[in-house]
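Have a look at the structure below before the remarks.
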Amino acid sequence: RASTLSSKNRLELRALDERTTEVAYSADVTVVGRLGRFGLGMMKKKAESLGASFVRAFTAMVEAGSLVGPH
């Protein structure tokens with residue numbers, strides 16, 4: 001049987017004050033089949049690594065002024 005993967009992701013930004021934004025993200029992932037049975041631990045580690053990379057890259061872009069909000 002083939003493996004399938006589905007994911008629902010959510011990213012929320014909330015202004016705490018004029019210079020501070022809270023960033024929250026979550027993912028609800030479903031893995032079915034051989035991949036889910038044998039690769040789940042490895043996928044969890046990779047997801048954590050990708051999440052940390054996202055945080056570093058997003059922070060760098062915001063601090064550099066690369067992201068422009070609504071005016």
Side-chain angles (χ1 to χ4, degrees):
R1 174 179 158 162
S3 296
T4 59
L5 181 136
S6 64
S7 178
K8 293 180 184 178
N9 303 287
R10 183 178 181 108
L11 176 66
E12 295 180 49
L13 305 175
R14 184 169 63 104
L16 300 179
D17 60 43
E18 189 174 299
R19 297 187 45 87
T20 308
T21 301
E22 179 181 72
V23 179
Y25 68 96
S26 64
D28 181 17
V29 179
T30 302
V31 183
V32 177
R34 187 172 286 179
L35 184 60
R37 193 172 20 226
F38 299 113
L40 189 57
M42 181 175 55
M43 287 189 294
K44 283 183 178 181
K45 288 181 183 178
K46 185 62 178 177
E48 289 171 2
S49 173
L50 289 171
S53 294
F54 166 78
V55 170
R56 285 191 302 273
F58 188 81
T59 300
M61 290 177 70
V62 169
E63 290 175 350
S66 298
L67 298 177
V68 178
H71 297 287

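Residues: numbered from 1 along the sequence shown.
Side-chain atoms of Val32 and Thr30, non-hydrogen and from C-beta on, do get closer than 4.5 Å to each other.
Listed for the Ser53 side chain is a donor-acceptor partner under 3.5 Å among the backbone atoms of Ser49.
Ser7 and Ala27 get closest at one heavy-atom pair: OG-CB, 4.4 Å. When all heavy atoms of Met43 and Leu35 are compared, the pair lying nearest together is CE-O, 3.8 Å.
Under a hydrophobic clustering in which Ile, Leu, Val, Met, Phe, Trp and Tyr are joined whenever their side-chain heavy atoms come within less than 4.5 Å, directly or via other members, Tyr25 and Val62 fall into the same cluster. The hydrophobic clustering, which links ILVMFWY residues whose side-chain heavy atoms are closer than 4.5 Å, places Leu13 and Val55 together.
In this structure, CZ in Phe54 is found 5.0 Å from CG in Leu11, a value given to the nearest 0.5 Å.
The existence of a salt bridge linking Arg14 and Glu12 is excluded, since no basic side-chain nitrogen approaches an acidic carboxylate oxygen closer than 4.0 Å.
Checked by atom type, the side-chain pair Thr59/Arg56 shows no donor-acceptor distance below 3.5 Å.
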